[in-house]
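What follows is one structure encoded as structure tokens, with my remarks underneath.
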Amino acid sequence: MKAPQAKKIEKILETHGDRRIDNYFWLNERENPEVIKYLEEENAYEEFIMKDTEELQEQLFEEMKARYKKDDESLPYIFNEYWYIVRYEEGKEYPIFCRKYKSLDNPEEIVLDVNLLAEGEEFFEVGSVAVSPNNELASFSSDNVGRRIYTLNFKNLKTGEILQDKIENTTGKAVWANDNQHVFYIRKDKSLRAFQVYRHQLGTDSSEDVLIFHEKDETFDVNVFKTKSLQYIFIASSSTISDEHHFIPSDNVFADWKVIQPRIDDLEYSVEHYEDEFYIITNADDATNFKIVKTKIDNCGMENWVDVIPHRAEVLLEGFEIFRDYLVLEEREKGLLQIKIIDEKTQESHYLPFSDPTYTTYIGINLEFDTEVLRYGYTSLTQPSSTYEYNMRDNTTELLKQQEVLGGNFIPENYISERIWADSRDGKTKVSISLVYHKDTKKSADTPLLLYGYGSYGHTVDASFSNVRLSILDRGFIYAIAHIRGGEYLGREWYEDGKMLSKKNTFFDFIDAGKHLIKENYTSSKHLYAMGGSAGGLLVGAVVNYEPQLFNGIVAQVPFVDVVTTMLDDTIPLTTGEYDEWGNPNDKEYYHYMKEYSPYDNVEAKDYPHMLITTGFHDSQVQYWEPAKWTAKLREVKTDHNILVFKTDMSSGHGGASGRFESLKEDALEYAFLLKIDKK
């Protein structure tokens, strides 16, 4: 079967006097039958090329699925007199949200059975479920397309009746006021930016809802939430580099909204409430790695902020949790997360002990103030996800739940994890790499290694356990994560040094990590593979333009690859909010810098590695036509005979297939692709 080739229709794009010719621009016509035909041809070609792996894909899928407990349930947590649990039943793809009154021994009440709602749908996702303060009503949101546009519905938990109230085009989140009659929710604009907060009164038509807040700055979006104390409702308006928070008491929906601190460029802050004060984590006063301040509720402007945890140049403060007698901090030092406990009475402090060379830990669900027990999570590349309770008074730890790995083949001691450091080419720093492999896997030039990366938005990919990943570890692969600039692995400056006009550092760090792994004899270019999704897809797309011979193959999941054209089009979802991450190409300097690394704009007539590219037709984050155009251009000009396959899931969005196990088929395809090309 011959590889499909999209037809060429010349489109001249001119900006700042610079002309770009885009022969595949027309693929953005979502309703055009020829576009659908081309995507279906690519899907058929992918099936043809991967046909010899069908048995392997099925084997991978079944073994991945077999490791999961079919009737699993979440760890119960108590909130407002009820224990809440999310559970799965064997043979069903979707969760069931349940609760039990006061005691886990009491009868179960089903709040929402998503399996019933999803009947007959190709795609179905619940955005959120929220129960009213009087425990009698619940809001829930759903999306049956995959574009993350949710419809809000309401349910009477006493009768099981779905109420007539229905609100379209929301972010999926609803926050209950304490009167059990009003909820606050967020609408999206035509570019899918969260921009308006409305108040809805139950029993009324949504056309009567009251607009509470309208964010007119297209680089900001909005969120609405309730404080842990349940006493205040907040509207947070945020860009990448600036925040503004407004609040009212939860028991007075008609109160005037007050502002904590009006927005200032480069001032970030978020807020929590305790007694008569707000606790705020912020980068104010040049606190690059953030600090915690507090202020009285009645006088909360930044001139009244008093330091609680001062800024430290070597420690990134990522989060905190307030209890009556304790303050708990999430800190990151030298790349690793730590949890610090501070006794507010004695001011003595200590850290929870962790022993793995690379790992993830986080503060869990802690809804009670008056407790000495902290719930936290921990996982590493060799240790399944676990939830613990730690008594902050007597320093004792209890394991509450650990992710089960079924099938009888997994023993943590059979796997080895490491953390190593590669020199960056600019000589400014070292790039950390986390690795895991089976103890029987030898490091050599013949060893296959999959290098994963992201490197954008300050998002750090920490080392965590994966049930799915065992399928390639057990087949002799080494798995590695490159903690590159653009994330916050080594603090806020690590992020700042990998964005805007420093974005290329992200790509060069990844390349340098790959070269270091080869130099240290973990693998060779013949067996080195790269994987990344979304902005990580941009990463691997840029890397193969810069160093096409470094990798034998790449997997680009929902990749953001047409950077210049997308960032010039403010009608595309999320574009305007991204200016603080990539820059605004309407500015000549940013335009030319982006053009230098944009994967689509830099495809050349040269040899490329084997490539698997995936997308979702309804993707709201990265539109399907970006990888479609990239694939078409690669097919036209590349000079090699390596595999290039492009798969579009016609019924999903950015997150892939819905359902608990359906997404494993995507993982099975990716691993089968890697195993296939490693034999070539």
Side-chain angles (χ1 to χ4, degrees), residues 77-82 84 99 111 127-141 152-158 163 165 167 170-187 194 196-204 206 208-215 222-238 243-261 269-281 294-301 320-324 365-371:
Y77 67 88
I78 194 162
F79 176 68
N80 195 18
E81 297 193 297
Y82 278 85
Y84 285 88
R99 66 179 185 174
V111 176
S128 70
V129 179
V131 176
S132 62
N134 66 2
N135 290 313
E136 294 180 2
L137 302 161
S139 67
F140 65 94
S141 61
L152 269 174
N153 287 282
F154 299 86
K155 181 179 179 180
N156 184 319
L157 296 179
K158 294 174 80 175
L163 306 185
D165 304 57
I167 307 170
T170 80
T171 63
K173 189 173 186 180
V175 174
W176 288 90
N178 286 355
D179 64 3
N180 304 293
Q181 282 298 306
H182 292 89
V183 294
F184 294 89
Y185 67 91
I186 305 163
R187 284 199 186 277
Q196 291 178 331
V197 179
Y198 281 84
R199 185 181 69 227
H200 173 75
Q201 182 173 353
L202 256 63
T204 65
S206 62
E208 300 172 29
D209 292 352
V210 178
L211 177 63
I212 299 298
F213 183 83
H214 182 174
E215 179 51 73
V222 296
N223 186 24
V224 61
F225 65 93
K226 211 178 218 180
T227 57
K228 179 177 173 178
S229 66
L230 308 179
Q231 293 181 34
Y232 292 95
I233 294 171
F234 270 82
I235 294 172
S237 193
S238 302
D243 297 295
E244 182 177 83
H245 287 69
H246 296 80
F247 67 96
I248 57 168
S250 302
D251 55 8
N252 184 3
V253 296
F254 304 110
D256 291 331
W257 290 81
K258 296 179 181 178
V259 66
I260 296 276
Q261 166 61 42
Y269 70 95
S270 58
V271 189
E272 191 48 272
H273 165 244
Y274 180 60
E275 293 185 340
D276 63 344
E277 293 176 317
F278 288 133
Y279 279 65
I280 300 170
I281 186 168
K294 65 180 180 180
T295 184
K296 296 295 183 186
I297 291 170
D298 294 335
N299 296 292
C300 51
F320 68 97
E321 190 79 56
I322 304 171
F323 298 91
R324 188 190 67 182
I365 298 174
N366 293 274
L367 301 177
E368 294 182 74
F369 270 115
D370 192 6
T371 180

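What you are looking at is a predicted structure, and each value in this text was computed from that prediction instead of being measured.
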Original post:
Judged by modelled atom types alone, do S237 and E244 share a side-chain donor-acceptor pair under 3.5 Å?
Top reply: no
Under the side-chain contact (heavy atoms from CB on, under 4.5 Å) rule, what do L163 and K155 come out as? Steps first, then yes or no, please.
-> CA-CA 6 Å; L163 306 185; K155 181 179 179 180; over 6 Å; no
Smallest heavy-atom separation, L137 atom then N180 atom, equals CD1-O, 3.7 Å
**Asked** Between D243 (side chain) and Y269 (backbone), is there a donor-acceptor pair under 3.5 Å?
**Response** yes
Here the pair of heavy atoms bringing T295 nearest to G301 is OG1-O, 4.5 Å
Contacts of Y279 meeting ring-ring contact (aromatic ring centres under 6.0 Å, His included) (sequence neighbours excluded), chain-then-number -> none
Under the side-chain contact (heavy atoms from CB on, under 4.5 Å) rule, what do D276 and K296 come out as? Steps first, then yes or no, please. CA-CA 6 Å; D276 63 344; K296 296 295 183 186; 3.1 Å; yes
Please confirm whether the ring centroid of F254 lies under 6.0 Å from the ring centroid of H182. yes
Between H245 and A236, the two heavy atoms sitting closest are NE2-CB, 3.5 Å
query: Taking C-beta and beyond as the side chain, do S139 and W176 meet within less than 4.5 Å on heavy atoms?
result: yes
Tell me whether the centres of the aromatic rings in F225 and F234 are closer together than 6.0 Å. yes
- Item | V131 side chain near L157 side chain, heavy-atom distance below 4.5 Å | yes
* To do: Answer yes or no: is there a side-chain heavy-atom contact under 4.5 Å between K294 and C300?
  => no
Residues at least two apart in sequence or cross-chain that pass side chain to side chain contact (heavy atoms under 4.5 Å, CB included) with K258, listed by chain then number, are F247
| message | Is there a side-chain contact (heavy atoms from CB on, under 4.5 Å) between K228 and E321? Walk through the geometry before answering. | response | CA-CA 9 Å; K228 179 177 173 178; E321 190 79 56; 2.9 Å; yes
Check: Can you find a pair of side-chain heavy atoms, one from I281 and one from F320, that are under 4.5 Å apart?
Finding: yes
Discussion item. So does F154 get a backbone contact from the side chain of D165, meaning a donor-acceptor N/O pair under 3.5 Å?
Written reply: no
(Q) Can you confirm whether I78 sits close enough to E368 that some side-chain heavy atom of one is under 4.5 Å from a side-chain heavy atom of the other? (A) yes
**Asked** Distance-only, no hydrogens or angles: does the S141 side chain make a donor-acceptor pair with backbone N or O of S128 under 3.5 Å?
**Response** yes
task: Could you check N223 against I186 for side-chain contact (heavy atoms from CB on, under 4.5 Å), going step by step and ending with a plain yes or no?
output: CA-CA 7 Å; N223 186 24; I186 305 163; 4.2 Å; yes
Scanning both residues in full, the closest heavy-atom pair of L152 with G172 reads CD2-O, 4.1 Å
Closest non-hydrogen contact found for I233 with A177 is CD1-CA, 4.0 Å
Problem - Ion pair D209/R199, N-O distance below 4.0 Å - result: no
* Asked: Would you say D256 has more than 12 foreign heavy atoms packed within less than 6.0 Å of its CG?
  -> no
Taken to the nearest 0.5 Å, the spacing of E215 CD from S238 OG works out to 9.0 Å
| query | Can you find a heavy atom in the side chain of K226 that is under 4.5 Å from one in the side chain of N178? | reply | yes
Item to complete: Answer yes or no: is there a side-chain heavy-atom contact under 4.5 Å between E272 and T227?
Response: yes
- So Y232 and H273, would you call those rings parallel, tilted or perpendicular, with 30° and 60° as cut-offs? perpendicular
Hits for side chain to side chain contact (heavy atoms under 4.5 Å, CB included) against N153, two or more places apart or cross-chain, chain-then-number order -> F140, T151, K166
- Query: Should the pair R99 and Y82 be classed as cation-pi, given the thresholds of under 6.0 Å to the six-membered ring centre and 45° from the axis?
  - Reply: yes
May I ask you to decide if the ring planes of W257 and F184 are parallel, tilted or perpendicular, using 30° and 60° as cut-offs? perpendicular
Rounded to the nearest 0.5 Å, the CZ atom of F278 sits from the CG atom of N299 at a distance of 11.5 Å
A side-chain contact here means heavy atoms from C-beta on lying under 4.5 Å apart; do Y77 and L367 qualify?
yes
**Item:** Residues K158 and N135: side-chain donor-acceptor under 3.5 angstrom
**Value:** no
When rounded to the nearest 0.5 Å, the distance separating CG of N134 from CD of E136 is 4.0 Å
Margin query: For a quick check under 3.5 Å, do Q196 and Y198 share a side-chain donor-acceptor pair by atom type?
Written below: yes
